[in-house]
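Position 1 is the first residue of the sequence, and the numbers go up from there. Here the structure is a predicted model, which is why all the values come from computation and not from measurement. Heavy-atom basis, side chains included; hydrogens, waters and symmetry copies ignored. As the structure lists them, so they are numbered: ligands from 1, and atoms in each ligand from 1.
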Amino acid sequence: MSDYTMTIGGRAVAAPRTFGVINPATGEVAEQAPDCSREQLDEAMAAARDALPGWRSDEDARRKALHAAADLMFARSEEIGRVLTLEQGKPLQDATMEVVGAGVWLKYFADLEMPREVIQDDDTARVEVVRRPIGVVAAITPWNYPLLLGVWKLAPALLAGNTMVLKPSPYTPLSSLRLGEALREVLPPGVLNVVSGGDDLGAWMTGHEIPRKISFTGSVATGKRVAASAAPDLKRVTLELGGNDPAILLDDVDPEAIAGKLFGAAFQNNGQVCSAIKRVYVPEALYGDVVDALAAKAASAKVGDGMTEGVQYGPVNNRPQFERVGELVADALAGGARAAAGGRPIDGPGYFFEPTILADVADGARIVDEEQFGPALPVVAYRDLDEAVARANGTHFGLSGSVWSADADRASEVAGRLECGTAWVNTHLALAPHQPFGGFKWSGVGVENGPWGLYGFTELQVIHRSKL
Ligand code: NAD
């Protein structure tokens, strides 16, 4: 039995079976989640399809519903935040802010204008370009920000007049199930269906005949499988995938002054952020000072159960990821790197790992070249700036990056040479609803957020009215 229900056609639905959801702070199963059957997925897809004609026909009703959904997120932020901390591990304050963030995104899209452009109006014709919904959207999300990333999809998709079947990660299904339960109050039946299950359920969704669009956030490897599965049916695809974001420090930075911001952007959500800083490039002359300043931040970070007041960083979300972080750190240490802070798992139950700063490490080490997605940051020395930029770009990833300098103009010039979707100057991880977010190269296809994110849930239609 599960206390959490799927949402299919506006109804609370239990599944024939359940699966355990682990609290990463204890490593123990804390709750059961419904394991959606194939027949139930068919029902969810059919419900979404049947809800389309009514939903797409009334833009005012859609905007009102999204506002009401936002208000529900604000009102229930702490209640849903607790569920999020339980399954994800992040501190309760961060979890609550994630739910509030979901409300902020819903409000932004509820008010975002849907353009209708007249591109010709003369004696011969009036030609308008309008945006139409695509149809049923299959949305698939990862375990790091399950609630917010689900809302990044559903808010623009629903505003554009699409309907949706949403599937969260099997590691963090509970907060999205609660989202579905809450939104039953404000959305017509079938507009948003939430199902939970394993990775197979995701594959069933991408191969299903009903959805016309897949919106996926997750790893590069799964993203490629999703693209392949969508191709035979020519489904539209948006992919938000992994990153290995570089931060390049120029030779005029003050290490003490920027260490807090750098550390914050590398270790937010315990480093489990697609666009967290994942490698830092530092001029040789500043190397020791930067390593020391970052190590001091790591040593004073408070790690613990996210439910405990004052904790800044929770556990790694799941055992495979916990083991992967440990493996990448051990590999770097075996290769001659030095742990300036941390370097080991924390004894005891749960998936806790010491906030780790790795020095004397270079490109070619796995932790520099691969996405670690956890609380361990390699700091790499460079001699020549052009070479640092080349190394930053010398990867299949291209999500985001940052350049740090006392001279913002100089840093902006360097930032413009980074091959990535967002290039920050003297900051990192500054995301906002109006700012398009997506990756170059293997980090993604398409963008989310802003009007550009909304357009990804639309087809262009030309209405050409002859006057001859
Ligand atoms: P993952 O790829 O393992 O899983 C993501 C989702 O895909 C889960 O819901 C999973 O059940 C589902 N899935 C698994 N196999 C599938 C298949 N064959 N077909 C369809 N769906 C399938 O990723 P994860 O480990 O949950 O998340 C971490 C990754 O996500 C990291 O690489 C991170 O960088 C990336 N990420 C990217 C962004 C972004 O916006 N670019 C944001 C957050 C996380």
Short N/O distance, under 3.5 Å, between [X] and ligand 1?
X	answer
G218	yes
W143	yes
T217	no
E448	no
K278	no
L241	yes

Tell me, which protein residue and heavy-atom name are nearest [atom], and how many Å apart are they?
atom	answer
atom 27 (O) of ligand 1	P142 CB, 3.2 Å
atom 33 (C) of ligand 1	F373 CE1, 3.3 Å
atom 13 (N) of ligand 1	T222 CG2, 3.6 Å
atom 34 (O) of ligand 1	E371 OE2, 2.6 Å
atom 40 (O) of ligand 1	E240 CB, 3.2 Å
atom 20 (C) of ligand 1	G202 C, 3.2 Å

So is [X] close enough to ligand 1, meaning a heavy atom under 4.0 angstrom away?
X	value
S275	no
Y145	no
Y171	no
G444	no

Going by a strict under-4.0 Å cutoff (protein heavy atoms only), does atom 4 (O) of ligand 1 have a neighbour on the protein?
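There is no protein heavy atom less than 4.0 Å from atom 4 (O) of ligand 1.
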
Identify, by atom number and element, the atoms of ligand 1 in contact range of [X], meaning under 4.0 Å from any of its heavy atoms.
X	value
L149	42 (C), 43 (C)
P168	9 (O)
N144	43 (C), 44 (C)
C274	34 (O), 36 (N), 37 (C), 38 (C), 39 (C), 40 (O), 41 (N), 42 (C), 43 (C), 44 (C)
P170	11 (O)

I'd like to know if the side chain of E371 and the backbone of N244 have a donor-acceptor N/O pair within less than 3.5 Å.
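Checking the backbone N and O of N244 against the side chain of E371, no donor-acceptor pair under 3.5 Å is found.
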
Determine whether a donor-acceptor pair (N or O, by modelled atom type, separation under 3.5 Å) exists between the side chain of N193 and the backbone of G9.
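Confirmed, N193 side chain pairs with G9 backbone.
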
Taking non-hydrogen atoms only, is [X] closer than 4.0 angstrom to ligand 1 via side chain, backbone, both or neither?
X	result
M205	neither
V220	neither
S229	neither

For D245, which of H428, R279, K278 qualifies under side-chain hydrogen bond (donor to acceptor under 3.5 Å, both in side chains)?
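With D245 as partner, H428, R279, K278 yield a single side-chain hydrogen bond (donor to acceptor under 3.5 Å, both in side chains), made by H428.
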
As a test of understanding, state which of E98, Q268, Q272 forms a side-chain hydrogen bond (donor to acceptor under 3.5 Å, both in side chains) with K90.
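Exactly one pass, corresponding to E98.
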
Are the side chains of L41 and M205 in contact, using a 4.5 Å heavy-atom criterion?
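Touching, per the 4.5 Å side-chain cut-off.
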
Could you check whether any side-chain heavy atom of K153 comes within less than 4.5 Å of a side-chain heavy atom of V137, counting everything from C-beta outward?
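K153 vs V137: side chains apart.
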
Pick out which of V403, D363, L249 makes a side-chain contact (heavy atoms from CB on, under 4.5 Å) with Y281.
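By the side-chain contact (heavy atoms from CB on, under 4.5 Å) criterion, Y281 pairs with just one of V403, D363, L249: D363.
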
Answer yes when E181 and R178 have at least one side-chain N-carboxylate O distance shorter than 4.0 Å, and no when they do not.
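A salt bridge is present here (some side-chain N lies under 4.0 Å from a carboxylate O).
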
For R131, is there an ion pair with E459 - N to carboxylate O distance below 4.0 angstrom?
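Salt bridge absent between E459 and R131.
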
Tell me whether the centres of the aromatic rings in W143 and F373 are closer together than 6.0 Å.
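Under 6.0 Å, so yes.
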
Please work out whether the ring planes of Y313 and F267 are parallel, tilted or perpendicular, with thresholds of 30° and 60°.
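Y313 and F267: perpendicular rings.
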
Which residue from S219, P146, S169, G207 reaches closest to atom 23 (O) of ligand 1 through any of its heavy atoms?
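Ranked by closest heavy atom to atom 23 (O) of ligand 1, first place is S219.
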
